[in-house]
Amino acid sequence: MSGIAGIAAVILLGVTALTLFLSQDWRVSVAALAVQYAGVAVLVGMSWPVALAVVKVVVGWMAAAALGLTQIGQPFGMEERSWPGGRIFRSVAASLVLLVILTISPGVSAWFPGVRNVQVIGGLILIGMGLLHLGMTARPLRVILGLLTVLSGFEIFYAVVETSVLVAGLLVVVTLGLALVGAYLLTATVEGEQA
Amino acid sequence: MSAALIWIFFPFVTAAGLWLINKRESLTARIAAGVSLLLAWLAWQLPIGARIDFGLFRTSINETFAVFGRQLTITQADTPVLILVYLIAAGWFFAIPFAGAGPQLAPLGLGITALLVAALAVQPFLYAALILEIAVLLSIPMLSPPGKPVGRGALRYLIMQTLAMPFILFTGWMLTGVEAGQAAVSQAKQAGVLLGLGFAFLLAVFPFYAWIPLISEESHPYVAGFILVMMPMAGLFLGLDFLDNFAWLRETVTLYTSLQITGVVMVLTGGIWAAFQNHLGRVMGYAAIMETGLALLAVSLGAGLGAQVFALLLLPRAIGLGCLALTLAVIHNETGTLHLDNLRGLAYRLPLAASALLLSLLSLSGLPLLAGFPARFALLEGLAQQSLPTALWVVLGTLGLLMAGLRAMASAIWREEPVAAQVGESAGQIVVLGIGALALLVVGIWPQLTSPSMLDLLSAYVHLAP
């Protein structure tokens, strides 16, 4: 049962990470982020007690809500000049990242004793796509989405080696803090553009 | 009572209270400065872990404060670090009203200082990476105040510092396995690579330092200066913790070679880029990069001498960058610009600011009789004994910053037609600039006044101290 759940979570993470990377509509991006945290919780739950893993979903949804609420009233598109044009280019870049992930995942598994393959692939998908995202944007919302994606991938790996409640709490603070900083930067940007 | 309550929770709660009244810039700055000064004084006077008698009343300050199964531990050996951190913070907050740094700096700065102390106190120490990340998040509203478009520098700073956290956490876990002898040699190498990447992001090591000149240009210079002094200092102390705790790491020769190469590249590139900058904020950024490079070079000298030079570099760095940031803030407030082209004749309008600018840049370049010289001299001497070319590259880098200082001076005294000299600084600005300049001279001429206290910082690092 957990095997099927793990595979489903990896597929979910792949779809949401790709959606976050390709979508130009903030509503779709924020929704994808919220769904992404469900996949993260499933993979984290393979190493942590379920009650603790559920915190990931709750915090992720709070982060998505904070970012979404700040964007209400803004145009749906988030076009940017520096964004490389064409979905084909972005799809090819994402495909290359996925290819690299599949290639290096057996090696990465050896680093973490007790890690499952689905956790490795899921974590690497998020880290790889998040870094790709960060490398191609200068917009605050996209930067925050990229950082949250990278951190989610890291949290999947770190859950395998660390089960401390303090670490879980501090990671919650970091995730929520990033979302709040994102909300602040989005508000400041709008105020700055209006000034 | 626990030490963490005094030096971590009390300032953090005070910072939260100050945030509620942050519209009153002068008041919050004075309270933050007073609290920081009080905490530095308490760190100097109160014995941690021993009984204290107040007449009939007896108490003791416990070293450890438990949080969710982990500890915040502050021992007597940590008090020199506490004194240094809170004295720097007090000095910075004291000058806020004269620098016009905005209402965010005092409350957020005090909160960040408390978090940096928490990062130094948390056990296991690798959790410091998480606390430093929270400090980074708190610093964003200072760098990008409301009503101002978000700069690229602030975003890159956020990205780089956030990426540092996972690397350092993983490294801490891996190194624990290596230290216990459970890991293979290959895992030790992987840990080394991850450690290098983590600290490269955290300390803005070449080539990840692009955000430093950007925030120095885009943000208020006094705020940027605070970040450039406090955050790398915490990162460097965390690095020392790694070295002190893991014998395997201390005995890796490759580490010292890598640190030396990285340090030289940072000093050289920082100095050369500084020489060609037309924006004084960016010059400050490159000076900060050079200072981090010098700290890495000091550590590369190894335990004993390296640790001593590292400790001696900290105070000149703080005073030099502090004085430079304050000067740039005064110039920015009075002229509205930090571009050299627009600052011609500055010495006739703001003579004290122009003098302090020159003094601080010369001190950061390591000129004799100024604060930066004694530690720089010890560093160059140590480097020359190991590798003369390395020392010469460092001298070349510092010449670049010296060139930037001379360009600033040339621009400041340039006048196309005779103008009447005037003192444009306010009385308060004259006082704080005078204190900064005096500190540069006193520490430079009489280094023996501060050196013993700075060397006491090493008491917390038993494996690195001579």
Side-chain angles (χ1 to χ4, degrees), chain A residues 82 107-108 110-113 123 127 130-131 133-135 137-144 146-148 150-158 160-195, chain B residues 66-72 104 115 118-119 122-124 126-141 143-163 165-170 172-174 176-177 182-184 186-187 190-191 194:
Chain A
S82 62
V108 174
W111 288 27
F112 301 96
I127 292 172
L131 288 175
H133 207 156
L134 288 172
T137 187
R139 304 279 293 191
L141 178 61
R142 286 200 170 276
V143 166
I144 297 298
L147 283 175
L148 288 172
V150 172
L151 278 188
S152 300
F154 155 73
E155 285 180 44
I156 292 172
F157 282 112
Y158 205 58
V160 177
V161 299
E162 178 67 69
T163 54
S164 154
V165 180
L166 177 65
V167 171
L170 287 173
L171 283 171
V172 164
V173 174
V174 168
T175 303
L176 277 179
L178 265 176
L180 291 175
V181 162
Y184 168 79
L185 290 177
L186 290 168
T187 315
T189 305
V190 172
E191 284 178 4
E193 284 167 357
Q194 286 171 349
Chain B
V67 191
F68 293 116
R70 298 293 186 268
Q71 287 89 37
L72 290 167
Q104 282 93 2
L115 283 173
V122 70
Q123 297 293 336
L126 57 100
Y127 293 161
L130 283 159
I131 299 175
L132 288 180
E133 170 64 11
I134 297 169
V136 168
L137 295 174
L138 269 187
S139 67
I140 293 294
L143 290 171
S144 187
K148 201 178 159 194
V150 183
R152 283 185 303 151
L155 285 176
R156 286 195 193 178
Y157 162 70
L158 180 63
I159 292 172
M160 294 299 170
Q161 298 290 302
T162 304
L163 290 181
M165 182 189 73
F167 284 111
I168 291 173
L169 285 175
F170 272 138
W173 164 72
M174 280 183 156
T176 308
Q182 298 162 346
S186 61
Q187 192 172 349
Q190 289 159 1
L194 288 182

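Naming: A, B, ... by sequence-line order, numbering from 1 per chain.
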* Pairwise side-chain contact, A/F157 with B/P166, heavy-atom cut-off 4.5 Å (strictly under) -> no

* Against chain B, label A/Y158 side chain, backbone, both or neither, depending on which of its atoms sit under 4.5 Å from a heavy atom there. => both

* To do: Would you please test A/V181 and B/V136 for side-chain contact (heavy atoms from CB on, under 4.5 Å) and show each step?
  => CA-CA 10 Å; A/V181 162; B/V136 168; over 6 Å; no

* Asked: Hey, which of B/V67, B/L138, B/I131, B/L130 has the most heavy atom pairs under 4.5 Å with chain A?
  -> B/L130

* **Proximal component of B/L194, with respect to chain A [non-hydrogen, under 4.5 Å]** => side chain

* Structure fact -> Counting heavy-atom pairs under 4.5 Å with chain B, the top scorer among A/V150, A/L131, A/L151 is A/L151

* Under a 4.5 Å heavy-atom cut-off, does chain B meet the side chain of A/E162, its backbone, both or neither? -> side chain

* For the residue pair B/Y127 and A/S164, what are the closest heavy atoms and their distance? -> OH-CB, 3.9 Å

* Does B/F170 have its ring centroid less than 6.0 Å away from the ring centroid of A/F112? -> yes

* Flag the one option from A/L134, A/L178, A/V165 with the top tally of heavy-atom pairs under 4.5 Å to chain B. => A/L178

* From A/F154 CZ over to B/M165 CE, what is the distance, rounded to the nearest 0.5 angstrom? -> 5.0 Å

* Asked: What's the spacing between B/L155 CG and A/R142 CZ if we round to 0.5 Å?
  -> 13.5 Å

* Asked: Picking from B/I159, B/I134, B/I140, B/L163, which has the most non-hydrogen pairs under 4.5 angstrom with chain A?
  -> B/I159

* Can you tell which part of A/I144 gets under 4.5 Å to a heavy atom of chain B, answering side chain, backbone, both or neither? => side chain

* Heavy atoms under 4.5 Å from chain B: which residues of residues 170-177 of chain A carry them? -> A/L170, A/L171, A/V173, A/V174, A/G177

